[in-house]
Each structure stands twice: as C-alpha cells, then as structure tokens.
Amino acid sequence: MQAHSRNFRKSGLTIAFVPTMGFLHEGHLSLMRLGRSLADCLVVSIFVNPTQFGPGEDFESYPRNTEQDRKKVKKEGADILFLPDAAELYPEGFETFVRLDNLPNKLCGLSRPQHFQGVTTIVAKLFNLVQPNVAIFGKKDYQQWIIIRRMVRDLNMDIEVVGGPIVREPDGLAMSSRNSYLEKDQRSKALCLYHALSAGSKAVTAGERNSDTIKQEVIRSISAHEGVNIEYVVLCDPETLENVNQINRPVLMALAVKVGKTRLIDNMLLTPP
Ligand code: PAF
C-alpha cells in the first residue's frame with residue numbers, strides 16, 4: 001500500500017481515502033463519491049478493527065461480505081481497495097496506541113471506554129499506510145469525526161479530514177451496517193431516533209431554547225416503544241461536545257439507543273433561526 005501511495009504521489013497525484021469496516025451501503029458509497037471529487041486517486045479500505053470493539057460487543061458477528069463490497073468499490077471507480085489483515089496490522093508485540101484525553105470521555109465513549117482508542121490507533125496506522133491528502137468520514141459517527149480531526153491537528157498530520165453528510169433511508173433511518181441486525185418490527189421501532197431528532201429540530205425552529213425541555217420530550221417519545229432503551233440523549237456543542245443548556249447557536253443533538261440488542265446512533269444539528 002505504501003509503495004502504491006508513494007508512486008501516486010511521485011507522479012503528482014493526490015489521494016483521497018475512505019476507511020471502512022465493510023458491508024458497504026449507500027452512506028459509504030456517498031463518501032467514496034465525495035473522495036473522488038476531492039482528489040485524483042481514491043483508496044478505500046475494509047478492515048473490521050478488533051481493537052475498537054469491547055468485550056461482549058459484536059466483533060465476531062459484525063456483518064461481512066467482501067465479495068459484494070469488492071463489486072461496489074469497483075463500481076465507484078476506486079483505484080485501490082485495501083484489505084489488510086489483522087495479523088499484519090497488529091503483529092505480535094504490538095503495544096503502541098493513540099489516545100485522546102478528553103473528547104472520548106463523552107457520548108459513546110461513556111459506554112464504550114476502549115472504543116475511540118481503537119479507532120484513533122487504526123486510523124493513524126491506516127493514514128501512515130495510505131498517506132492520503134484527504135480522508136473522508138461519515139458524520140453519522142459524529143464523535144469519531146471530531147476525534148479524528150482533533151488527532152490530525154494535534155499530531156500535525158498533513159491530511160484534510162472531511163465529513164460526509166448522513167445518508168438516510170427514504171423513511172429517515174440513518175444508514176448503518178448494523179441495521180442488518182434489525183428484525184422487521186425492530187426496523188420500524190428504530191425510526192424513533194430520526195423522529196426524535198426531527199421533533200427536536202422542529203421545536204428549536206418554533207422557538208424552544210431549553211435543552212432539558214427537548215431532552216425530556218425525546219426521552220418520553222422514545223421510551224414509549226417497547227424493547228427500545230435509551231443510552232444517551234445529548235445536546236452539545238458541535239466542536240467540543242460539551243453539554244449545552246441554552247440553544248442560542250447551532251447545537252448537536254446526538255442519540256444512542258438500543259433496539260433489542262442492536263445499538264444505533266444518530267444525530268442532527270439543531271439550528272435556531
Ligand atoms: O467508521 C468506521 O467504519 C470505523 O470506525 C473506521 C473509521 C473504519 C475505523 O475502523
């Protein structure tokens with residue numbers, strides 16, 4: 001991979017990089033298209049990274065379909081599909097990790113304490129292998145996007161980090177590889193995330209400025225669904241992820257909810273008119 005990237009760069013070509021864990025859907029493909037539009041070459045990686053899964057999480061069962069993914073990546077015109085394996089990326093004796101002090105201790109990091117260290121470590125490694133000029137991450141994983149941007153800034157990595165908009169199903173469900181875990185009735189219950197975010201956004205447009213009022217309404221509406229459990233509802237600053245009480249500027253509303261055993265996240269920027 002490094003040799004290919006060196007060659008691209010020697011020829012004066014710029015590289016866009018879309019890291020993924022595979023089981024590709026329209027959300028990933030939109031990031032690839034964005035990447036294509038931002039650089040000369042497009043590199044896509046697929047690697048289900050063991051270090052970002054905690055004990056009891058879904059590393060083993062995470063959906064995988066490399067053959068389908070290969071076709072999709074080819075159709076998007078990627079120059080390279082990079083499929084490293086775990087033994088190569090984490091050789092015996094591996095002991096170096098990239099960890100941020102503060103941003104991971106919020107939102108998803110509270111229930112997944114090792115997750116972001118696994119993400120930043122693998123992304124730093126992939127950046128060293130792919131040597132991209134620009135890297136594209138989906139904003140559905142908003143906290144991940146913010147953390148990667150902070151890592152790149154703090155470690156002076158010469159990479160532009162771009163966030164791609166959330167891609168939704170026609171009824172509003174944010175696309176996610178984990179949606180494939182949902183049974184039919186769970187799939188319709190999962191819509192409560194999007195409905196809650198839309199209600200929050202409408203409330204702000206209508207003049208509501210109190211975060212707690214919006215939060216309480218969201219908790220009430222989501223809790224009405226049997227088998228749906230809220231992990232967090234947060235209204236926070238979109239850069240620092242610190243809680244916000246008064247909505248007098250754009251505020252990120254972020255949710256994590258378990259529908260049965262499936263953990264889903266979603267978010268929306270609430271912007272007062
Ligand atoms: O968002 C993902 O799919 C993963 O967290 C990433 C960025 C590919 C790192 O494993």
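Residues: numbered from 1 along the sequence shown.
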**Report entry** Criterion salt bridge (Lys or Arg N to Asp or Glu O under 4.0 Å) on D237 and K106, from CA distance to verdict
**Finding:** CA-CA 12 Å; D237 180 276; K106 304 171 193 306; over 6 Å; no
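- Among the candidates V234, N267, I265, I222, the single residue satisfying the side chain to side chain contact (heavy atoms under 4.5 Å, CB included) test with L255 is I222.
- In this structure P113 satisfies the side-chain contact (heavy atoms from CB on, under 4.5 Å) test with no other residue, sequence neighbours excluded.
- The CG atom of L103 sits 8.0 Å away from atom OG1 of T240, with the distance rounded to the nearest 0.5 Å.
- Under the side-chain contact (heavy atoms from CB on, under 4.5 Å) criterion, E60 pairs with no residue, sequence neighbours left out.
- Ion pairing between a basic and an acidic side chain is recognised when a charged N comes within 4.0 Å of a carboxylate O; D58 and K261 show no such pairing.
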Considering only distance and modelled atom types, tabulate donor-acceptor pairs under 3.5 Å from the side chains of residues 71-86, sequence neighbours left out.
{"residue": "K72", "atom": "NZ", "partner": "L24", "partner atom": "O", "Å": "2.9"}
{"residue": "E76", "atom": "OE1", "partner": "R33", "partner atom": "NE", "Å": "3.1"}
{"residue": "E76", "atom": "OE2", "partner": "R33", "partner atom": "NH2", "Å": "3.0"}
{"residue": "D79", "atom": "OD2", "partner": "R36", "partner atom": "NH2", "Å": "3.3"}
{"residue": "D79", "atom": "OD2", "partner": "L42", "partner atom": "N", "Å": "2.7"}
{"residue": "D85", "atom": "OD1", "partner": "A87", "partner atom": "N", "Å": "3.2"}
{"residue": "D85", "atom": "OD1", "partner": "E88", "partner atom": "N", "Å": "3.1"}

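- The shortest distance between side-chain heavy atoms of R149 and I146 falls below 4.5 Å.
- Residues L235 and K215 are in side-chain contact: their nearest non-hydrogen atoms beyond the backbone lie under 4.5 Å apart.
- A donor-acceptor pair is defined here as one N or O able to donate and one able to accept, closer than 3.5 Å; such a pair exists between the side chain of Q2 and the backbone of N128.
- Linking ILVMFWY side-chain heavy atoms closer than 4.5 Å, directly or via other members, places L13 and L34 in two distinct hydrophobic clusters.
- Relative orientation of the H28 and H25 rings is tilted, given thresholds of 30° and 60° on the angle between their planes.
- Using a 4.5 Å cut-off on side-chain heavy atoms (C-beta onward), Y90 and T51 make contact.
- Remark: T205 engages no residue in a side chain to side chain donor-acceptor pair (under 3.5 Å) (not counting sequence neighbours).
- No chain of hydrophobic side-chain contacts below 4.5 Å, direct or via other Ile, Leu, Val, Met, Phe, Trp or Tyr residues, connects L241 to I214.
- Expressed to the nearest 0.5 Å, how far CG of L270 lies from CZ of R209 amounts to 10.0 Å.
- Applying the salt bridge (Lys or Arg N to Asp or Glu O under 4.0 Å) rule to D185 yields no partners; only residues at least two apart in sequence or on another chain are considered.
- Hydrophobic side-chain contacts under 4.5 Å tie V48 into a cluster, directly or through other members, with M21, F53, F59, Y62, Y181.
- Residues satisfying the side-chain contact (heavy atoms from CB on, under 4.5 Å) criterion with A174, sequence neighbours excluded, are K140, I166, R168, D266.
- The distance from atom CD of Q186 to atom CG of L264, rounded to the nearest 0.5 Å, is 9.0 Å.
- With hydrogens and angles ignored, the 3.5 Å screen pairs no side-chain donor or acceptor of K258 with any backbone N or O of V228.
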Could you tabulate the donor-acceptor pairs under 3.5 Å formed by side-chain atoms of residues 4-11, not counting sequence neighbours?
{"residue": "S5", "atom": "OG", "partner": "M1", "partner atom": "O", "Å": "3.3"}
{"residue": "S5", "atom": "OG", "partner": "V130", "partner atom": "O", "Å": "2.7"}
{"residue": "R9", "atom": "NE", "partner": "Q131", "partner atom": "O", "Å": "2.9"}
{"residue": "R9", "atom": "NH2", "partner": "Q131", "partner atom": "O", "Å": "3.1"}
{"residue": "R9", "atom": "NH2", "partner": "P132", "partner atom": "O", "Å": "3.3"}
{"residue": "S11", "atom": "OG", "partner": "N7", "partner atom": "O", "Å": "2.8"}

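- Salt-bridge check for R263 with E231: passed, with a basic side-chain N closer than 4.0 Å to an acidic carboxylate O.
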Listed pairs under 3.5 Å, donor-acceptor, residues 151-160 side chains, sequence neighbours left out:
none

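- The shortest distance between side-chain heavy atoms of I136 and F17 does not fall below 4.5 Å.
- Judged by distance alone, the side chain of T121 and the main-chain N or O of V98 form a donor-acceptor pair under 3.5 Å.
- Using a 4.5 Å heavy-atom threshold, the side chains of I148 and F127 count as touching.
- The closest donor-acceptor contact from the side chain of H115 to the backbone of Q52 lies under 3.5 Å.
- Using a distance-only test at 3.5 Å, with no hydrogens or angles considered, a donor-acceptor pair links the side chain of N49 to the main chain of G118.
- In this structure, the separation between OG1 on T66 and CZ on R64 is 8.5 Å, given to the nearest 0.5 Å.
- With hydrogens and angles ignored, the 3.5 Å screen pairs a side-chain donor or acceptor of T20 with a backbone N or O of S45.
- When the side chain to side chain donor-acceptor pair (under 3.5 Å) test is applied to E226, no partner is found at least two apart in sequence or on another chain.
- A distance-only check finds a donor-acceptor pair linking the side chain of Q143 to the backbone of C108 [under 3.5 Å].
- Scanning for side chain to side chain donor-acceptor pair (under 3.5 Å) contacts around D40 gives T14, with sequence neighbours left out.
- At least one donor-acceptor pair closer than 3.5 Å links the side chain of N133 to the backbone N or O of I15.
- Sorted by first and then second residue, the ring pair (Phe, Tyr, Trp, His ring centres under 6.0 Å) pairs with a member in residues 188-233 form an empty list; sequence neighbours excluded.
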